[in-house]
Amino acid sequence: MTEKRSWTGNIIAAFAAFLAVNGFNLLYQIRGESTMLSNSVLGMAVFGAFLYLGVRFFASHVSGRLILFSLAGGLLFAAMTAFGFSLNYTDTIWNSYVFPAVLCLTPFFGICTGFGLRGLTRQKPDRAAGAKGEEAGDLKHGASGLSRSPAGWLSGLSDRRFYLLCAGILFLSWVPVLLAAWPGIFSYDSGWQLAAFVDGDVTGHHPILHTALLGVTRMLGHALAGSGQAGNQAGALLYSLVQMLAMAALYAEVCLFLRQRKVPRWLLVGTALFLGFHPVNGLMALCATKDSLFTAVFAVFIVQLFRMAEDKEAFFASWKRQALFCVNVFFLFALRNNGFHTFLLCAPFLIFVFRRFWKKTLLLILICLGLYGIYNGPVYSALDIEKSDPREMCSVLMQSAARVYNLDYLGLTEEEKEAFLSIIDEEGLESYLSRFADPVKAYFHGEKFAEDPWPFLRAWLSAGMRHKKIYIDSFLANTFGYWYPGNSIEDTENGRDYFEYYCKDFREDVDVEMESKLPALSEFYRRIGNEASFQKVPVVAAAFNLGVYTWLWIFACLLAFYGKQWKRALVLVPFGAYFLTNLLGPVVKMRYHYPFIACAPLLLYLMWTVWKEAGGRESGPENGNLESGRLEGSGPKMEHHKRRTYVWIR
């Protein structure tokens, strides 16, 4: 029976490898060209590598549950690959090669997904044999061999000193970036916010707390260095230092959390190096955009959820922890408008996961929402802050309307055209760009839409019923950069805009000039931000790709559910909620997706905990549940297995 199963697995592996090679070849047919895989030695080498992977996967038992999760992940990853590739080159997914490519690639991506799921939720055979010998060591060190003290040379430090050390290291690691971009990177919306503060015309379009921070540091700069450009430069430097200090303090909390959880050295040290020296983190620490501080607050929010999920009794017994949670959530609201929507979507999951403490959980949620209501209501009114119009939330509507207006004008009825033109000027509809909603948004009458949206919405729905494919293309083309792990950065007249590494000219009295103290390093960062030079280096480019971090989160979701980590899965919900708000946005930008990048170490921590707690299993989660104590089999053998598992996971 075993030999028959082995042969069956090998045949499936060979077929999956053959389909995968042809699937990648089909993608290149979309561009009207063949690949080296179609008829070359390289094609055979790739086939051999895929075959080896498949044979290794089917060499061990493959349960029905593993197949289900593997195929679900495989189909999703294959669709994102094929759709993204087609959108990148043809601006549509309705190409004759796309869906066959999805079908061909699904088995290969499924095998890769299954490999990861099974590898992280089962004990290796050699570990099973040596588990007895490690029990004494596990007890001596208070953890399994793979989770012993992460860094012996830091074990003598108290939590407070370790926290200060991490904060100091992170701050110092960004000092070279500050010198390269002296006195800071004032691009994106910072000029607009500074001008609004100076003119006393602050609106809710941008977070007023962040606008105030920009304005106050400018005022202090003028007080220290005088008015004019010198004051602007001094104010910019003050802002950069304040943001660096704040982000270093918040990211140090992430490092402290990982240390308290006794993660392995590679994860703890790797997190500190990643947060300190990955170019994206350094650039965002110096960039005067709301997304930088918001992301650091978001990371601490994820840490808070981990602490709640892993020790809910301690959290709900401490009013200090609950107060800190409310403060954390408030800044989530205050630093980005979609922070509120992110938390609101998380609220039902919080109540469900902590249903044992549902009254306290509901009270916490109401307090957080009450703080938002006070901030967005009486505070706005007292400061005479005008709330933002709904244009930002209507990007999907306006983009799909503009696309169908341009691609099938004759297919629209007169009533539909009239409804569209009543809200969006014709010049705006004709300026449609598939990956960038701002040209259309500039001509969108948000106040008129807010007063009576129904005529526009009825026209939009009726047109959509006849133009489903155009609407789907419109949505996917405007968002695929977030989930496609390939080259999705479009060439523009300003270069390949991955990150705006310059100080944008807005108005002379608020402009900041970049005066680099390290020109060579500044040129290095300029090429990364404005030219996406990292794309010339394979493998390294993946560390900058937005889709890669989305895939990491998706795999973490699959792993959490496959490994039955129901409570820890709660920390994945804010990622999903925030991701949904991004999909409704006007454009794909690295800064919008920055929370996924900065929180990647926390996703790895989740994967590590799943692997660690599965360490005592002889097989995957489909054969047992550690939390409930149910395992296959019975009698003395099972009892011995359960005792050994308890030692392994402490």
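- Using modelled atom types, no side-chain atom of Asn337 and backbone atom of His206 make a donor-acceptor pair closer than 3.5 Å.
- The OG1 atom of Thr217 sits 10.0 Å away from atom CE of Met219, with the distance rounded to the nearest 0.5 Å.
- Of the candidates His341, Arg336, His593, Tyr578 forms a side chain to side chain donor-acceptor pair (under 3.5 Å) with just one, namely Arg336.
- For the pair Tyr471 (side chain) and Trp460 (backbone), a donor-acceptor distance under 3.5 Å is present.
- Figure legend: Arg355 and Phe352 shown as a cation-pi pair, the cationic atom lying under 6.0 angstrom from the six-membered ring centre and within 45 degrees of its axis.
- Between Asp91 and Ser434, the side chains place a donor N or O and an acceptor N or O closer than 3.5 Å (distance only, hydrogens not considered).
- Two rings, from Phe294 and Phe333, have their centers 6.0 Å or more apart.
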### Task
Applying salt bridge (charged side-chain N to carboxylate O under 4.0 Å, His left out), run through Lys417 and Glu414 and close with a yes or a no.
CA-CA 5 Å; Lys417 294 174 187 176; Glu414 291 302 319; 3.6 Å; yes

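- Remark: Gln193 CD to His205 NE2 distance equals 9.0 Å, nearest 0.5 Å.
- Nearest heavy-atom pair, Pro207 versus Lys290, reported as atom, atom and distance to 0.1 Å: CD-CD, 3.3 Å.
- In this structure a side-chain-to-backbone donor-acceptor pair under 3.5 Å is missing from Ser292 to Ala285.
- Remark: the backbone N or O of Ala82 is not paired with any side-chain donor or acceptor of Ser86 at under 3.5 angstrom.
- Atom CD of residue Glu416 and atom CG of residue Leu461 lie 10.0 Å apart, to the nearest 0.5 angstrom.
- The OG1 atom of Thr479 lies 11.0 Å from the CZ atom of Arg435; values are rounded to the nearest 0.5 Å.
- A parallel orientation is assigned to the rings of Phe340 and Tyr372, their planes being inclined by less than 30° (bins at 30° and 60°).
- A distance-only check finds no donor-acceptor pair linking the side chain of Asn338 to the backbone of Asn582 [under 3.5 Å].
- The only option from Arg466, Arg403, His467 that meets the side chain to side chain donor-acceptor pair (under 3.5 Å) definition with Asp408 turns out to be His467.
- Aromatic pair Phe69/Phe561: ring centres not closer than 6.0 Å.
- Counting only heavy atoms from C-beta outward, the side chains of Arg218 and Leu214 never approach each other to under 4.5 Å.
- Looking at every heavy atom in both residues, Ala334 comes nearest to Tyr375 through O-OH, 3.9 Å.
- In this structure, the separation between CG on Leu305 and SG on Cys346 is 7.0 Å, given to the nearest 0.5 Å.
- Contact detail for Val280 and Met590: the closest heavy-atom pair is CG1-SD, 3.7 Å.
- At least one donor-acceptor pair under 3.5 Å links the side chain of His278 to the backbone N or O of Ala543.
- Residue Phe306 places its CZ atom among more than 12 non-hydrogen atoms of other residues, nucleotides or ligands, all under 6.0 Å distant.
- The local environment of CH2 in Trp358 is sparse, with at most 12 non-hydrogen atoms from other residues, nucleotides or ligands closer than 6.0 Å.
- Taking all atoms of both residues into account, the shortest heavy-atom contact from Pro586 to Asp438 is CB-OD1, 3.7 Å.
- In Glu430, the CD atom is crowded: over 12 heavy atoms of neighbouring residues, nucleotides or ligands sit closer than 6.0 Å.
- The aromatic rings of Phe499 and Tyr188 sit perpendicular to each other, their planes meeting at more than 60°, with 30° as the lower class boundary.
- Using a 4.5 Å heavy-atom cutoff, the side chains of Cys503 and Asp511 are not in contact.
- Remark: aromatic rings of Phe343 and Phe330 are distant, center separation not under 6.0 Å.
- Heavy atoms from other residues, nucleotides or ligands lying under 6.0 Å from CZ of Phe506 number more than 12.
- No donor-acceptor pair under 3.5 Å is formed between the side chain of Asp291 and the backbone N or O of Tyr592.
- When the options Phe480, Phe475, Phe77, Phe99 are evaluated for a ring-ring contact (aromatic ring centres under 6.0 Å, His included) with Phe83, the one that passes is Phe99.
- Classification of the Phe456-Phe449 ring pair by plane angle, with boundaries at 30° and 60°, yields perpendicular.
- For the pair Val329/Ile367, no side-chain contact is recorded, criterion being any heavy-atom separation below 4.5 Å from C-beta on.
- Asn478 contributes a side-chain N or O that, together with a main-chain N or O of Gly585, makes up a donor-acceptor pair within less than 3.5 Å.
- The minimum heavy-atom distance linking Val512 with Pro183 is given by the pair CG1-CG, 3.8 Å.
- Counting only heavy atoms from C-beta outward, the side chains of Leu570 and Phe354 approach each other to under 4.5 Å.
- Formation of a donor-acceptor pair under 3.5 Å by the Asp473 side chain with backbone atoms of Ile93 is found in this model.
- Of the inter-residue distances, the one linking Leu350 atom CG with Phe325 atom CZ reads 5.5 Å to the nearest 0.5 angstrom.
- Looking at Phe197 and Val510, their side chains never come closer than 4.5 Å, going by heavy atoms from C-beta outward.
- Side-chain contact of Glu426 with Tyr405: a donor-acceptor pair under 3.5 Å is present, judged by distance alone.
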### Task
Show your working on side-chain hydrogen bond (donor to acceptor under 3.5 Å, both in side chains) between Thr203 and Glu386 and close with a plain yes or no.
CA-CA 5 Å; Thr203 71; Glu386 179 186 346; over 6 Å; no

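- With a 6.0 Å radius and a threshold of 12 heavy atoms from other residues, nucleotides or ligands, Phe579 has its CZ atom above the threshold.
- Within the 4.5 Å cutoff, the side chain of Trp94 has heavy atoms near those of the Ile472 side chain.
- Under the 4.5 Å side-chain criterion, counting only non-hydrogen atoms from C-beta, Leu572 is in contact with Leu603.
- Residue Phe596 forms a ring-ring contact (aromatic ring centres under 6.0 Å, His included) with just one option from Trp553, Tyr482, Tyr549, and that option is Trp553.
- In this view, Asp425 satisfies the salt bridge (Lys or Arg N to Asp or Glu O under 4.0 Å) rule with no residue, not counting sequence neighbours.
- No donor-acceptor pair under 3.5 Å is formed between the side chain of Thr550 and the backbone N or O of Trp483.
- The aromatic rings of Tyr484 and Phe85 stand perpendicular to each other, their planes meeting at an angle above 60°, with 30° marking the opposite boundary.
- For the pair Ile385 and Gly204, the tightest heavy-atom approach, listed with the atom from each and the gap, is CG2-N, 3.7 Å.
- Counting heavy atoms from C-beta on, the side chains of Arg507 and Leu194 never come closer than 4.5 Å.
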